[in-house]
Structures are given as structure tokens and as C-alpha cells.
Protein chains: 2
Amino acid sequence: MKQTGDLNLVKKINKSIVLQHIRSTSPVSRARLAELTGLTKATVSSLVAELIESRLVDEIGAGESSGGRKPVMLLFNGTAGYAVGVDLGINYIWAALTDLNGNTVEQYRLKHNNTSVESVIADLIACIREVAGRAPDSAYGIVGIGIGIPGFSDERGNVLFAPNLGWENVPLQQLIEQEFAIPVVIDNEANAGAVGEKQFGAGQEAAHLVYVSIGMGIGTGIIIKDELFRGSSGFSGEMGHISIQYDGKPCRCGNAGCWELYASENALLEQARAVMPGGDVSVETLIRLAEEGDLAAIECFERLGRYLGIGIVNIINSFNPELIVIGGRLAEAERWLRGAVHEVVERRSLPYPRAQLQVQFSALGAGATVLGACSFAIGKFFASTKVSVE
Amino acid sequence: MKQTGDLNLVKKINKSIVLQHIRSTSPVSRARLAELTGLTKATVSSLVAELIESRLVDEIGAGESSGGRKPVMLLFNGTAGYAVGVDLGINYIWAALTDLNGNTVEQYRLKHNNTSVESVIADLIACIREVAGRAPDSAYGIVGIGIGIPGFSDERGNVLFAPNLGWENVPLQQLIEQEFAIPVVIDNEANAGAVGEKQFGAGQEAAHLVYVSIGMGIGTGIIIKDELFRGSSGFSGEMGHISIQYDGKPCRCGNAGCWELYASENALLEQARAVMPGGDVSVETLIRLAEEGDLAAIECFERLGRYLGIGIVNIINSFNPELIVIGGRLAEAERWLRGAVHEVVERRSLPYPRAQLQVQFSALGAGATVLGACSFAIGKFFASTKVSVE
DNA sequence: CAACTTTGTAAATTGATTAAACAAACTTAG
DNA sequence: CTAAGTTTGTTTAATCAATTTACAAAGTTG
């Protein structure tokens, strides 16, 4: 039984359209909203009255007249509620508190080295409690919690498999919801990053974008028609395991020549160890060396950039996105990766899909995941009947 | 200015839901439709009355009683109109006429060897006129024309580039619409095939499917959430140009090691020429040889199957579809390809996205493109205000 | 200051869905 | 064969969100 149409649905659609316009165009008047949406002034007035009633919109006084009565300007009330977002890493937990506009107001970071379920969950709860406790008073309080995890989850928020944590079948959403009694959303770290870039970063104008998260492996988050694409069973975006060399190095996933064997942090470090024997090799030291002009380090990054480009060409030719955002910790090495990536993309991708394409490095950096996790929570809040239709 | 909600929209949504249920469940009664859709019996009655009025639905008399008054059974009237679908090949044109259910009622095939725009357009118009002329009388007549082309097109139906025809910037939709004065839809051959399989073939249950068309090259059509995914500018699905060997054979597209250099008809023939020198080599002869048990021919197919599998693994890991359909002329060699493809997929793809996945060879064969083209026309007809809301 | 604009609200109208009641048609138990 | 109960599909009145039309309030401009 699908969603059928009735008057309730109509109101929900229109209210959501009006709210979206206020969010993106504020400050804005009722009359201008009527123009923008195509609804009548009367309808807009009525919907705005309810939005003000529910504390999501505020009147902030008169605006500039354009030859008649002055408009009353409306503002989206971003501080009507707050969301918690968590980047659950392999050896760290990073929690942030944002308002409904996605502005970060509190942060908390924790290192952990015990990846057992019990230990991590305890740390996770502590982190959430920490930032949530610091939330200012507001109409809706904490509206939800979003968590980005290094692994796979299903639509009910169970962590199916997180290789680097050694987790299998952990009902994470249920556990956290029990603890805090507010809605919790679980998703892959790269998916969260993609949403973060889409909502608050480089991708705000792009309907179709692919976020490439370079860490120990490579994960990708795919946004299609402004929505996260999760695949038929929630496992889309494992493009790190696209083979770019069919008879290449064997990967523990069963495939051979996987992209992430050539273009991840691990691949970078492996290469660096080979050409700079004996040295203490880490991403930080390599960046420092490159900054000092060390040619070997720079060549390591450029080599990585070329492999990165090869996989990105595959993404371009198959998805034809408007934007590809390169994120993760290696995005900090943009200076040395950029040239190689663009050169390979220019040379190897098909001209038509490339024509309107942009390849950018993340502006949000590692924060994309946390912000995306917040956005999950905010999105769930707005999708819930609580605000859409009272 | 987006689509806002009003009473018209509500009716359009509900009418479309009712019609869809009648299409998929017929024969069906009004009372059962009310149960299925969640609408009230009164609403269903009113909408059905309009659908009968517009000739899309017929009453076919009483059904079996289940302990009360006998229901009046309703049937979708598939012959209320007809659609023309065309597979525009490199050296052939194949046109079909189907009813609104997608049942083929007429066909016409034409060989051509002059690929100039004028010559092909003339042949195309002749083919369409031929099958359209044989259409039975009906309420709506020919509702539209769909054309699958071997190349790229934009949303206005201009052929941007068709390498094997040597076409660039041909306003095909406009030309054909001028000639016949009915709606025309142009899309890529692989996209048409994907829609054909989705509507009438193996993919009717699958919300996410990828159709792999193996011809002289490899094209793919991607269906996401029951809808064709065209990418941000209409060039998605060029997965034939995914590199599966980053330092492999150079491709004329600018990339190296493209999948289609290893797994297309051309690749098969090239390999066959290498191992069976002097022989007259074509797909037909290779299939005949394989049927006769020729080991060299069989090995050629199996080798192709393994390369096919490598690319399919990439599709699985990136898209996580429910279904992958292998189509095009080489689908006829299923007997010898099947084993190798499945073996590679089992061994190399990630377990989670593979779990609920099916890899099938096309049941519609080369007909998928023609049927998909018809489906474009039928879909446009139903989307038009003509029937949705009068 | 009069004429014109612009903004936002109010009242009456429209139209699709729903809920409730009902008539017609049919089955079944005794 | 009859009475009771079921199922189907229509009718009628009520609901409710948007629209249309009108208008009051608050500006600007010459």
C-alpha cells in the first residue's frame, strides 16, 4: 500500500517547500515566498503562521520597501533545536553538536584503542552525553543523533560488518536509542561525508555528486538527484574495490587490483617505505617533508594522485556526476595531488561527461563526516511528522 | 519554481496509483482496488469512472463471489493505443509496434549501409511509417515514438555524438516529430535496453538494475529506484570505458585498458582471429563452431566471459544492484559465457552486495532495445496530462 | 497631498477525499 | 425456500487546503 494523495499530503508538500525556501533564501518576505513557490499569498501566510507557531521560523521586522508597504522579513530559526553527529573512527571518536543550520556549536574528541564493542559503545555514549549536555536551551532540544561508521549497516541501523573494528552484527541504532530515547541514524562514513559535502560543503549546488573518502582504504558516497544512493541493499559505493588492474595485486576482499591498493593512505605509506627506507613514515611526516621540498615525498604524492585519477575517471565515465569531492585525511595533501589528478582526468576521461564536471578537494576536510552525520539527524527530524504536519 | 501541491496533484497521484494497480493486477474489482491502494471505495469508484471514460479501462463483467455480491471486474485496455519503438543500429533499423501493454503486434526490419544523416533519416521515417500504418484502429492511435540510438543524446532529443554512425549534433527528435506530429523520445540504445528489461523482461521485480549491452563495444543502462538514471548531463552508463587495466591497451577514448577492449564483440573477434588464423571469423560462425564442440571457439567465449565477469564485479561493488542483465547479440552465447561469468563474480565480488544479487542473460535478446523504446513512448503518454488528468 | 505600489489578511468558492449510510446482489444455514 | 449475513459499489454530507477576489494597511513618488 503506497502513499496515496490527500489534503494532508498537499499541506505537507507545500509546508516543506515553504520551509525549504525560507531556509535557503532567508531573510525573505511572505510575498516573495509566494512568487518563489507559485503558491498564493494567502496560502503562504497560513503556512508561515504554522511554522512560526512551531518555532521554526521567526519574524525579524521590516525589510526594504520596493515602492510600497514594507515587507515583514522571515528567518529560519536554526537554534530551534540541535543535532549530535559522530564520526566513529578506528582509533578515535569525534562528536559534534550543531544547530539546525549545521553550524557547529560544540565538539568533543576521544582517542580509543580498544575496539571491542563494549568499550567503543561506552566511549560513544560518553562522547554523545558530553556534547549533548552542553546544548543551549531550545524549543526542540536534541532532535537526533547521527553516526558515521567505518563499515556497512542496514536500514534498521545494525552494523553488519566493520572490518577495521572487528565488528559484526551490532545493533548500534537500538543500543544508542535505548540510552538517549531520541532518533538515531547510522550510516557509512563515506555516505555521511557525501551528505556533509552536499549540505554544507562544496556540493550544495550539485544534484549528482560522488564523495571519495581516502583513508586506510577508499570509500565512496554517492548522491543522486539530491539524495544519498544506498544501492538495493545498502552496500553501494564500495568503489575502493573496483579493479583497476584485473591481474593486479590480490586484495583481501577476493578481488585483484582494487583501486584502494593503489590510491589509499596505506598505498601511499607502502610506497614511501619502499623509496625512503628506514625513515619514520606517516602521513604527517610525508606532508611535512613535501612542504620542505623533499622530492621523494612529493613524487610519492604525485604517484598517488595519478592512481587517484585513474579511479576517478572510472567514476566519471560510469556515473557522469556534476561534482567529485575528494575527502578524508589525504585531502590535506591537495597541493601535491591536485596536478596529477587533474592531468589524468583531462587525458583519460570521456569528453562529454567531463564537460560540466568539477573535481574538488574537500573544504570541510575530516569534518565532512561529522557534519553529514548531523545532517542525517536533522533530515530525519524534518521528515518526521513532528514538524512537517503537526 | 517547484511542483506545489493542490487538489489537481492529489487526483493525479491517486488516479495514477489506481491505474497502475489495474495494469499490474487486472482483472480486479473496485473493492479490491480500495483495499490495495488504501483509498476509499467511493474515491476508487470515481477515479475508475474517469478511467473508463478515457477508454483506458474496461469492465469485463462479473467475477467470482466470495460470499456476497459479485464484483465487477476491471481490465486495463492495452489496445486503447499503440506505440512505435525503433532500434537504430549501425547497419540495420528495427521498428516494432506494440500496444500499451508492450505486446508486439507488428515488426519491420531494414538493412542499411549508408550512414549519412539524410539516408538514415529517410530509412527511419520509412520504417516508422510502415509499422505505424499497420496499427489497428484504437482510441488514441499512435501515442508516441521511441528511438534507441548508438550514441549520446541530450534531453531535447538531439543526437550529440554517435561515433559508429559518424553523426554529430543531429536534432533527431525534432526531425521525426515534424514528420509525424506525435511525441518522440530519443535515448541511448543501452538505456532503452535497460528499460525494456525492466518493463517487459527479467527486471520487472528489480528496483535497481544494470543492463550490460555487449555489441561492438559495451554500453550500460542503469535503473535506480525504478527509474532510468541519466547522470547529470545524460552521459551516465559509459561503463564500457571503465579501465580494468590502468596500463592496458590504449583506447580511442583517451583512456587505457577500457573494459570493452577485453569483453566486447570486437574483443572476441580479435582473439578468435589470433588463435584461429585464416578462418572466416564472425559471431555467427563462432557460435556454430562452439555448438559443434570446437574447443578453440569455446575457449574464446570462456575467456570473454572471464573479462565480462571482471567488469561486472566492478558494477556490483559500486552500484549494489539487485540484478544485472547481460544483453546484446552476445547474450545468445550464454551457454559458454555463463560459467565463466558466474565463477569470476563468485570469486571476486564483495560478499555483501553479492548476497541478494542475480546475474542473468537477457530473455528478450536483441528485442530489449526495441521494447524499451516503445516503453519510452508509452511512459511519455501516461505522464502527459492527456490521460493523467484530462 | 493625491495617485500608485506592495504587503499581508479575510471571506467566499472550489473540488477531491473521507465517512457513514444504504441499496443491490449474492451465499449459506437450517 | 426463506431468513440472515456478506460483499460490492453508489450516494450524500462533511471536511479541509488551496484558490479567487476583495480589501485594509503601509509604503513611495511626483
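Bear in mind the structure is a predicted one, so any value in this text is a computation, not a measurement. Every chain is numbered from 1 and lettered A, B, ... according to where its sequence line falls, protein lines coming before strand lines.
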Centres of the A:F381 and A:Y82 rings: under 6.0 Å?
-> no

Partners passing salt bridge (charged side-chain N to carboxylate O under 4.0 Å, His left out) against B:E59 (at least two apart in sequence or in another chain) = B:R30

Can you find a side chain N or O atom of A:T40 that sits less than 4.0 Å from OP1 or OP2 on D:dT19?
-> yes

Rounded to the nearest angstrom, tell me the gap between atom NZ in B:K15 and atom P in C:dT17.
-> 10 Å

Distance-only, no hydrogens or angles: does the A:T25 side chain make a donor-acceptor pair with backbone N or O of A:I22 under 3.5 Å?
-> no

Reckon B:S65 touches a base, only the sugar-phosphate, or nothing at all at heavy-atom distances under 4.0 Å?
-> sugar-phosphate

A:D154 (side chain) donor-acceptor with A:R156 (main chain) under 3.5 angstrom = yes

Base, backbone or nothing for each nucleotide of nucleotides 7-16 of chain C, written B, S, -, heavy atoms under 4.0 angstrom, 5' to 3'?
-> BBBB----BS

Starting at NZ of B:K12 and ending at P of C:dT17, how long is that distance when rounded to a whole Å?
-> 14 Å

Distance-only side-chain donor-acceptor flag, A:T79 / A:N77, under 3.5 Å = yes

Residue list, salt bridge (charged side-chain N to carboxylate O under 4.0 Å, His left out) with A:K41, at least two apart or on another chain = none

Side-chain donor-acceptor distances from residues 201-209 of chain B under 3.5 Å, at least two apart:
unit_1: B:Q204; atom_1: NE2; unit_2: B:F200; atom_2: O; d: 3.3
unit_1: B:Q204; atom_1: NE2; unit_2: B:G201; atom_2: O; d: 3.2
unit_1: B:H208; atom_1: ND1; unit_2: B:K225; atom_2: N; d: 3.3

side-chain hydrogen bond (donor to acceptor under 3.5 Å, both in side chains) involving A:Q199 - partner list, sequence neighbours excluded = none

5'-most by nearest nucleotide on DNA chain C - A:G67 or A:G5 = A:G67

Compute the angle between the rotation axes at the two ends of the helix from C:dC1-D:dG30 to C:dG30-D:dC1, each taken over five pairs, rounded to 10 degrees.
-> 0°

